[in-house]
Amino acid sequence: QVQLVESGGGTVQAGGSLRLSCAASGRTFSTFAMGWFRQAPGKERESVATIMWHAGTTTYADSVKGRFTISRDSAKNTLYLQMNSLGPEDTAVYSCAASMRYLSGTYSLRDYEYWGQGTQVTVSS
């Protein structure tokens, strides 16, 4: 079992920055990929960014490219999401997730077995 706990959410003004953290514990040795997702009111949950845990390879949604950076600290079993140039469209509940599956292609929502409780990010205009 893997437990994920997010932190760092809050309210910021448009143009501001925020860094989210996701601390993992439990059987983290079998983790192959982790990702950040967000869900805004009335919208479907969407993938924001993913990272291959061992190689560090990253992918981003087009809407956040150039503004968000996903990273991890393997020694601390912690995932991060640095968010810059935030706008009201980024307001959502952000969740981290871990996948125990090795995939050569893109990780989909259904490929993540463990999820955190989520943290609210609100960007005021």
Side-chain angles (χ1 to χ4, degrees):
Q1 186 178 10
V2 174
Q3 296 81 43
L4 305 175
V5 180
E6 302 99 336
S7 62
T11 301
V12 298
Q13 295 184 19
S17 298
L18 206 61
R19 188 177 79 157
L20 305 182
S21 298
C22 174
S25 60
R27 299 191 302 106
T28 58
F29 59 85
S30 59
T31 300
F32 282 97
M34 294 192 73
W36 285 100
F37 295 79
R38 68 185 182 186
Q39 186 168 25
K43 294 185 177 295
E44 297 291 322
R45 182 164 50 193
E46 64 174 343
S47 174
V48 175
T50 58
I51 186 169
M52 297 299 294
W53 193 255
H54 303 287
T57 307
T58 60
T59 59
Y60 297 91
D62 290 340
S63 59
V64 306
K65 286 182 179 177
R67 299 189 298 122
F68 290 10
T69 302
I70 187 172
S71 62
R72 91 297 198 203
D73 187 329
S74 298
K76 297 181 179 179
N77 291 123
T78 302
L79 180 73
Y80 303 98
L81 184 67
Q82 178 66 47
M83 304 183 291
N84 299 324
S85 301
L86 288 164
E89 68 276 11
D90 297 311
T91 295
V93 174
Y94 285 72
S95 301
C96 64
S99 177
M100 306 297 107
R101 307 178 185 184
Y102 171 76
L103 300 175
S104 59
T106 303
Y107 281 78
S108 300
L109 182 65
R110 63 183 183 275
D111 296 316
Y112 293 90
E113 296 93 350
Y114 300 98
W115 294 80
Q117 292 296 308
T119 184
Q120 178 70 48
V121 171
T122 302
V123 184
S124 61
S125 60

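Only this structure's heavy atoms are used, side chains among them; waters, hydrogens and symmetry mates stay out.
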For this session: State which residues pass side-chain hydrogen bond (donor to acceptor under 3.5 Å, both in side chains) with K65; sequence neighbours excluded, sorted by chain then number.
Result: D62
Donor-acceptor contact present, side-chain [X] to main-chain [Y], <3.5 Å:
X	Y	answer
T28	S25	no
Q117	V5	no
S85	R67	no

Would [X] end up clustered with [Y] when hydrophobic side chains under 4.5 Å apart are linked, directly or stepwise?
X	Y	answer
V2	W36	yes
Y107	Y94	no
F37	V64	no
V48	Y112	no
V12	L81	yes

For the residue pair [X] and [Y], what are the closest heavy atoms and their distance?
X	Y	result
T31	H54	O-NE2, 3.4 Å
A61	S47	CB-O, 3.5 Å
A92	A40	CB-N, 3.8 Å

For this session: Assess R45 against W115: is NZ or CZ under 6.0 Å from the centre of the six-membered ring, and within 45 degrees of the ring's axis?
Result: yes
Exercise. How about D73 and Y80: do any of their side-chain heavy atoms sit closer than 4.5 Å?
Worked result: yes
For this session: Could you check if a side-chain atom of R38 sits within less than 4.5 angstrom of a side-chain atom of D90, using non-hydrogen atoms only?
Result: yes
For this session: Show your working on side chain to side chain contact (heavy atoms under 4.5 Å, CB included) between T69 and Y60 and close with a plain yes or no.
Result: CA-CA 8 Å; T69 302; Y60 297 91; 3.8 Å; yes
For this session: Please lay out, stage by stage, how S99 and M34 fare under the test side chain to side chain contact (heavy atoms under 4.5 Å, CB included).
Result: CA-CA 6 Å; S99 177; M34 294 192 73; over 6 Å; no
Please tell me whether [X] and [Y] have a donor and an acceptor in their side chains that are separated by less than 3.5 angstrom.
X	Y	value
S17	N84	yes
S124	Q13	no
T50	T59	yes

